[in-house]
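Chain letters run A, B, ... following the sequence lines, proteins first and then strands; every chain starts at 1.
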Amino acid sequence: MNNIKCECGHVNPEGTVLCEACGKPIEKNQHIDGNDKKKLLNMRYDGSARRSQTYNKSIIDKIWSFFSSVKVGVWLIVIALVASAIGTIYPQEAYIPSDAPDRDPAVFYEDAYGLPGKIFYQLGFHNLYSSWWYLLIISLIGVSLVICSLDRFVPLHRALKMQKPKRHETFINRQRFYSETENVTDEERETIKQNLKKQRYRVSEQDGHILAEKGRFSRWGPYVNHIGLIIILIAALLRTTPWFYLDEYMWVREGEQKVVPGTNGEYYIKNNNFIMELYDKNDKRFQAALKKKGEDVPSNFQTNATIYKKSGDTVAGAPPKLEKVKDVSIRLNHPAKFGGYTVYQSGYQQNEFKSMTFNLHEKNDPKKVAGTFKVDFGNVKSSYDLGNGYKVNVENYYPEYYLDEEDKIPRSKSKYARFPAFVFSVTAPDRKKPEMSFVGIGKNIDATGKNKYKLGVEKYEPLYASGLPVKRDYTLPIFAIGAIIFMIGVIQGMYWQHRRIWLHPKKDSTLLLAGHTNKNWHGLRRDIEKAISNTSVKIVEDQQELE
Amino acid sequence: MSLISVSSTMLYTAFVLYIIATAFFGATIKAKKNSVSAKIGITLTIIGFAAQLVYFITRWIASGHIPVSNMFEFVTFFGMALVFAFIILYFIYKLTVLGLFALPVAIIVIAYASMFPREIAPLVPSLQSHWLYIHVTTVALGEGILSISFVAGLIYLIRQIDQSVRSKRTTWLEITLFTLFVFIGFSVISVIFNISGYNAEFKYVENEQEVTVAYHMPPLIGPNNGEEITKNAMTPWVELPQWMRGKDAPRKANTIVWSLFTGAIIYLLTRLILRKRVGAALQPLMRKVSPDMLDEISYRSVAIGFPVFTLGGLIFAAIWAQIAWNRFWGWDPKEVWALITWLFYAAFLHLRLSRGWHGEKSAWLSLGGFAIIMFNLVGVNLILAGMHSYAS
Amino acid sequence: MGLDQIRENKKKKKKKRLIFRSIVLILLLVAVAYALLTNLSDKKTTYEAGDSAPDFKLEQINSANNQSSIQLSDLKGKGVMLNFWATYCKPCEKEMPYMQKLYPKYKDKGVEIITVNLDSNKLVVDRFINKFNLTFPVLADRQDQVRELYNIVPIPSTFFIDSKGKIVKKVEGGLTLDKLAGYLQDIEPK
């Protein structure tokens, strides 16, 4: 009903701008690509019908053609761009500096940046990149990608497949590169043909009309790179499911053995020790910079650990049978991998004690030491025998001591030996009753005031804890494939060009010569120059009028 | 002579050679095609590039790691990439006027690099990776090629915009050119105070830590609640607002103000001498250049640079981030601005390919793209803090 | 080919196109909705009322209790109150006497009170048990295995599990004597 038959006999689908076979402009459709106002033809998709512009009836079709528009696509890109930029004005919630006085976002933004900060927070820009509307914009870009690609693939494919060497004259003389030469012999035409072949053009001929084509595959570049982007977006979608993407974080203290979170109790990790190394201040290379900085610069963070795997089926909590998998040293930029999981070195903490060594001496004379003992915080014993009748009992132990303001009794904030304190009772051969005392960091209280002996901290060992993120990400290969396809697509589309040269002999032996390329016109002109050398054919003129 | 002094000498040599080469490219405006001065210009550029390459390699040997690990090194490398991109496009298109604008941009970039501390600093653990080499060099190369698009776009606008009447377009072009004057102002004022050896130190509190900052130009802008350490130092006119943070932010802001002042003075003097807009004065010099050619170069450099930038700025960046920080994307400001750059050029390409934005529209877009690249280089580090700030 | 036939073909083609477009749009809509929903919902799996309680086995460390270890699945047929606590947690300390008070009574009714201790030092736990004269089983979860399994965030957290092994109620935070008695009644085997 609406198919358009061109005078060359080819039947074009509705919405065609230039006949698919001969390129003759189809009168009533010239407004679509704006050809009616210009001298040159718009060669986008070679003037073939884009699906979205043909039917506009049902709602589905309307939505379809909305997303099929490049204009809409570009607007979505611009909106995403502006939104992303706004999100960087102040740090995102995750990047609130750890030394900020108050890290609560409700307080932080107003505190640090005043009213604009408050507005930033209240509009939700502090978590912009995971907000529903930002994701919606990205999703819509994805929708636009899919629909644009589907919509343009078919017409381009048709246009490139259908094209005939014999083109309508108006198609030829409305090309950007065009020349007209009178009295051209058949031999000259043959020379040009051979020259083009030498330049690796694919030449096809029809009634003396010649089409020489090169680099057609570059036209598929945009589709290929869009497929890559769609794969990347699919990967991002899959990543939201826990099976594909697992993201855990664990703290392991030196000497501690823990189940690796997220592995369903399958893997255990033991932190053997944590190492922090610093650059040598006297290193000649860096002396100046280190001096200027005035503080130590770390050269290495490393956790030496052993990975174990549970063998056999045991119920959670029951002492597992463990098999050693391997010893690993986890460093920044050098994560450890096992069984599909990757463990990274990310942080360290040194706010706990590994052990403390006390000495028992006479209160009045610290030099008269009765004995020493070492408390290992991993295993605090109930009593320590110092020999010679001296014994220290641990009546109570507070790993992170504080004095409860409410009921005025000592308590602990946690199970970690960050600020340890003890209630000791000392039995000595020369005392009838045990002497009670309270010993903590910077605290040494004699319960009765009549004690003969006193406990002092002789030395201590700090305990490092390693912060280790645990990841398992099955989407990474998908992202990688998407990225590779994208790169192939852009390179294919950007580094090669689709060049076409038409030779159109008229009956009076006038030869019309036209050329078209999607980019690098300079290169096309050089190709044509080479092709027409040693002939009388004139070099093409650039008919483009730049606005 | 130590390797390090060889290295700095070579950088200085490259800098001077670029300036001389610019002059030769300038001389080609009136000359015929394939003139001698064009040949000398490109030869000097290549020698300059080689000298900078020597700087790069010697510094690499001296420090034991690739010199792209701090702002001075990275920005210098970006300048080098820009020159490299220019050399490539020069040999494709043989357009000498490109050199007249591309080299000054590279010179300005290298001068800007000198604003940062130049000592060789050790690599913190997070940067100890081969991906540092791969990621940073590819990004710089991509951005260098994309910058050539700006250069061609700028020449296009100077060539094409109707200067007979004052319009929005002439104003915006003038603003763009003024920005270049500000950078020239920066170079001039840095040299002046460098020779005079000005120095004043202040201390102030940031993030509850006391820091000191050394000024090498008289402090027009002082630190927030700062205190003079150097006696008889000039009292700052104003204090830096609290929200401008980052390493040495007060000094950088002060330098920017000085550059603005100096740039404005040079610009006004130029206007006084020319008695017309700078764009209008430059226009007749560009008569001989084909606007089609400029449009083509501007587009072609995006076509070449975009894939390189994508590879370096997004893909390699993501791979490294995955290895070092266990996530390939973290919405760090620098990452976001890389994405913005990418989105911008994606929009540029779509507008050009599908909506026919050629010529002037495309040229304006190339200016916008360069502004984003420069913001990512200058603004993000000065205003927005993140892990890329190399400040922590 | 008649005109009618052409028209018919056209119609068919149009219908096909509509179906194709609708399917693609629906697929995209589902993908977008999925992306938005998963992003907004919390991904952590937690055990709530209605789920069956996952099994575990831990060492029993209360010397006043004669069991050496306890496996949850062995208690099928009984109601189980599962309490996660630590010595340094004040609300835990507050509810311990209530639990101790109700323990003998409900044990006879077929409700077992078991507690999982999250401390790392046995000494501290021993002192605590002595102080409050606790007799119910105290299980030591030194490596946070069961805590991980149940995804415990605040302590105390208490699960009331019926005789079939199903979680009837989950309470985060401390309990009063009345409430505790009420919940224990709920899980009495019938």
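Using a 4.5 Å heavy-atom threshold, the side chains of A:F67 and C:L28 count as separate. A heavy-atom distance below 4.5 Å is found between the side chains of C:V24 and A:W64. Proximity of C:E148 to A:V260: side-chain heavy atoms (C-beta onward) are nowhere separated by under 4.5 Å.
There is no contact between C:D141 and chain A, counting heavy-atom distances below 4.5 Å. When heavy atoms are compared at a cutoff of 4.5 Å, A:N379 approaches chain C solely by way of its backbone atoms N, CA, C and O. Heavy-atom distances place no part of A:I138 under 4.5 Å from chain C, backbone and side chain included. Contacts between C:A86 and chain A at a heavy-atom distance below 4.5 Å are absent for every atom of the residue. For A:E256, no part lies near chain C; criterion is any non-hydrogen pair under 4.5 Å. For A:Y268, the part sitting under 4.5 Å from any heavy atom of chain C is the side chain, from C-beta outward, and nothing else. At a 4.5 Å heavy-atom cutoff, the contact between A:V143 and chain C is made by backbone and side-chain atoms alike.
Other residues, nucleotides and ligands contribute more than 12 heavy atoms inside 6.0 Å of the NZ atom of A:K310. By the 6.0 Å contact criterion, CD1 on A:I409 is enclosed, its count of non-hydrogen atoms from other residues, nucleotides or ligands being greater than 12. Taking a 6.0 Å sphere around NZ of C:K57, one finds it holds 12 or fewer heavy atoms contributed by other residues, nucleotides or ligands. The environment of C:K109 atom NZ is dense: over 12 non-hydrogen atoms of other residues, nucleotides or ligands sit within 6.0 angstrom.
Between chain C and the options A:L237, A:V259, A:D404, the largest number of non-hydrogen pairs under 4.5 Å is found for A:L237. When each of C:V116, C:D55, C:V146 is scored by its heavy-atom pairs under 4.5 Å with chain A, the top score falls to C:D55. Residue with the most contacts toward chain A among C:N121, C:L29, C:D119, C:V32: C:N121 (heavy-atom pairs, distance under 4.5 Å). Considering only heavy-atom pairs separated by less than 4.5 Å from chain C, the leading option among A:S382, A:P261, A:S414 is A:S414. When each of C:E59, C:K122, C:K90, C:E93 is scored by its heavy-atom pairs under 4.5 Å with chain A, the top score falls to C:K90.
One N or O on the side chain of C:R127 and one on the backbone of A:E395 form a donor-acceptor pair closer than 3.5 Å.
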Item to check | Chi angles and distances behind the side-chain contact (heavy atoms from CB on, under 4.5 Å) call for A:S412, C:T87 | outcome: CA-CA 8 Å; A:S412 180; C:T87 56; over 6 Å; no
Checklist entry - When you look at C:Y88 and A:E400, which way does the side-chain contact (heavy atoms from CB on, under 4.5 Å) test go after all the steps? => result CA-CA 9 Å; C:Y88 50 86; A:E400 192 178 0; over 6 Å; no
Checklist entry - Is there a side-chain contact (heavy atoms from CB on, under 4.5 Å) between C:V125 and A:K415 once you walk through the steps? => result CA-CA 11 Å; C:V125 186; A:K415 60 179 171 184; over 6 Å; no
Next on the checklist: Let's go through C:L123 and A:N396 carefully: what are the C-alpha distance in whole Å and the side-chain angles of both, what is the deciding distance for side-chain contact (heavy atoms from CB on, under 4.5 Å) to 0.1 Å, and is it a yes or a no?
Outcome noted: CA-CA 8 Å; C:L123 176 99; A:N396 228 326; over 6 Å; no
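For A:W132 against C:L36, the heavy-atom pair with the smallest separation is O-CD2, 3.4 Å. In terms of heavy-atom proximity, A:S58 sits nearest to C:L18 at OG-CD1, 3.2 Å.
One finds the OG atom of C:S120 at 7.5 Å from the OH atom of A:Y416 (value rounded to the nearest 0.5 Å).
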